[in-house]
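Here is the naming used below: chain letters follow the sequence lines, and residue numbers restart at 1 for every chain. The shown structure was predicted, so the numbers you read here are calculated from the model rather than taken from an experiment.
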Amino acid sequence: MNESLLEILCCPLDKHDLELEDAEYDDDEVVAGDLVCTECGERYPIDDGIPNLLPPDMREETPA
Amino acid sequence: MGLEDRRGLERDVYQPAEDSALLAETAAERIDDDALVLEVGTGSGYVASRIAEETDARVIASDLNPHAVREARSEGVETVRADLVSPFADGAFDAVAFNPPYLPTDPDNEWDDWMERALSGGEDGRAVIDPFLATVGRVLAPDGVVYLLVSSLTGVDEVVERAGKEGFSAVAVADESFPFETLTVLELLR
């Protein structure tokens, strides 16, 4: 993901800002790390460069 | 036409069809070059990449389906795995485009996989459209606009009425008829 996406994203639960932690870069692109809510502390993983911003209760929901 | 007939060769990700083409063409014609655009439920990424190619807008695409966000990203689209608009900032987008799952489905015939999620709108066809209409206003900029694809199978009047309850006025800006349904693109404004 492009780091500028942070300005467009928020915590899906409480809509507060997110901070990028443990970022790994490939050139300018963030390929791994966590987006962490500055309010509730919930962590959202970046998988293969794609932020997974599903609320935690939907994250494990994987139909076949 | 049953859900099973709509399933493409690809097992996990909805592939572009007539509805995707109509939405892409209509949105691309109407979106400004400096816009920030969200496509909800991008699937293969087709609509998002067409808008990005045909305008100078920056297009972000979201999907619930992990296979879809990977496929869209491999097409060069900026993707986020998300439930509708829930992780996007207030007032962020000049335009939001959505080709929702809209086919009315008998609950006894639902099969729980990603392709069903991409197609089925529940018993009335509006199980995903209604929560989208209830939440999309938050992420729209003050003059922001929504391009929503609706099928006659889902009921355009019902969607327009629901949009009205959420504070939107709706105009049909494109439609196309097929033997089994008419597809309409609604432009929603506040």
**Student:** I want to check something: taking the side chain as every heavy atom from C-beta on, are B:S86 and A:K15 in contact at a cut-off of under 4.5 Å?
**Tutor:**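 They are in contact (side-chain heavy atoms under 4.5 Å apart), so the answer is yes.
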**Student:** Pick from A:P55, A:S4, A:C11: which one has the most heavy-atom pairs with chain B under 4.5 Å?
**Tutor:**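 Winner by heavy-atom pair count: A:S4.
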**Student:** What part of B:A89 gets within 4.5 angstrom of chain A, counting heavy atoms only: side chain, backbone, both, or neither?
**Tutor:**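 Contact with chain A: backbone and side chain both.
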**Student:** Measure distances from B:L38 to the heavy atoms of chain A and classify the residue's part below 4.5 Å as side chain, backbone, both or neither.
**Tutor:**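 Contact with chain A is absent: no heavy atom of B:L38 under 4.5 Å.
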**Student:** According to a 4.5 Å side-chain heavy-atom criterion applied to Ile, Leu, Val, Met, Phe, Trp and Tyr, with indirect links allowed, do B:V146 and B:L36 form part of one hydrophobic cluster?
**Tutor:**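 Cluster IDs for B:V146 and B:L36 match.
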**Student:** With clusters defined by side-chain heavy atoms of hydrophobic residues (ILVMFWY) lying less than 4.5 Å apart, directly or transitively, does B:I129 cluster with B:L153?
**Tutor:**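 Yes, B:L153 connects to B:I129 through the hydrophobic network.
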**Student:** Check whether A:I46 gets within reach of chain B through its side chain, its backbone, both or neither, counting any heavy atom under 4.5 Å.
**Tutor:**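 Neither part; nothing is under 4.5 Å.
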**Student:** Search all heavy atoms of B:A92 against all heavy atoms of A:I8 and return the closest pair with its distance.
**Tutor:**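 In terms of heavy atoms, the two residues are closest at CB-CG2, 4.2 Å.
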**Student:** Less than 4.5 Å apart, any side-chain heavy atom of A:L5 and any of B:E78?
**Tutor:**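 Yes, their side chains come closer than 4.5 Å.
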**Student:** Give the cluster check for A:V31 versus A:L20: same hydrophobic cluster or not, with ILVMFWY residues linked at side-chain heavy-atom distances below 4.5 Å.
**Tutor:**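 They do not share one cluster, since no chain of ILVMFWY contacts under 4.5 Å joins A:V31 to A:L20.
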**Student:** Going by side-chain contact (heavy atoms from CB on, under 4.5 Å), B:V69 matches just one of A:I50, A:D47, A:D48. Which one?
**Tutor:**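 Of all the options given, the one that passes is A:I50.
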**Student:** Hydrophobic clusters here meaning ILVMFWY residues chained together by side-chain heavy-atom distances under 4.5 Å, can you tell me if A:V36 and A:L54 are in one?
**Tutor:**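 They do not share one cluster, since no chain of ILVMFWY contacts under 4.5 Å joins A:V36 to A:L54.
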**Student:** Can you tell me if A:D28 has over 12 outside heavy atoms packed within less than 6.0 Å of its CG?
**Tutor:**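 Incorrect, the count does not exceed 12.
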**Student:** At a heavy-atom separation under 4.5 Å, does B:R70 approach chain A through its side chain, its backbone, both, or neither?
**Tutor:**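 Both parts, backbone and side chain.
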**Student:** Under 4.5 Å between side-chain heavy atoms, counting indirect links through other Ile/Leu/Val/Met/Phe/Trp/Tyr residues: same cluster for B:V77 and A:V30 or not?
**Tutor:**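 The answer is no; the residues belong to distinct hydrophobic clusters.
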**Student:** Applying side chain to side chain contact (heavy atoms under 4.5 Å, CB included), run through B:F88 and A:L53 and close with a yes or a no.
**Tutor:** CA-CA 9 Å; B:F88 297 102; A:L53 283 153; over 6 Å; no
**Student:** Is it the case that atom CD in A:E21 sees more than 12 heavy atoms from other parts of the structure closer than 6.0 Å?
**Tutor:**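 More than 12 heavy atoms, drawn from other residues, nucleotides or ligands, come within 6.0 Å of this atom.
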**Student:** Taking the basic N atoms (NZ, or NE/NH1/NH2) and the acidic carboxylate oxygens, is any pair closer than 4.0 Å for B:R73 and A:E29?
**Tutor:**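 Yes, B:R73 and A:E29 are salt-bridged.
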**Student:** Using side chain to side chain contact (heavy atoms under 4.5 Å, CB included), reason through A:M1 and B:I60 one step at a time and then give a plain yes or no.
**Tutor:** CA-CA 10 Å; A:M1 68 168 246; B:I60 314 293; over 6 Å; no
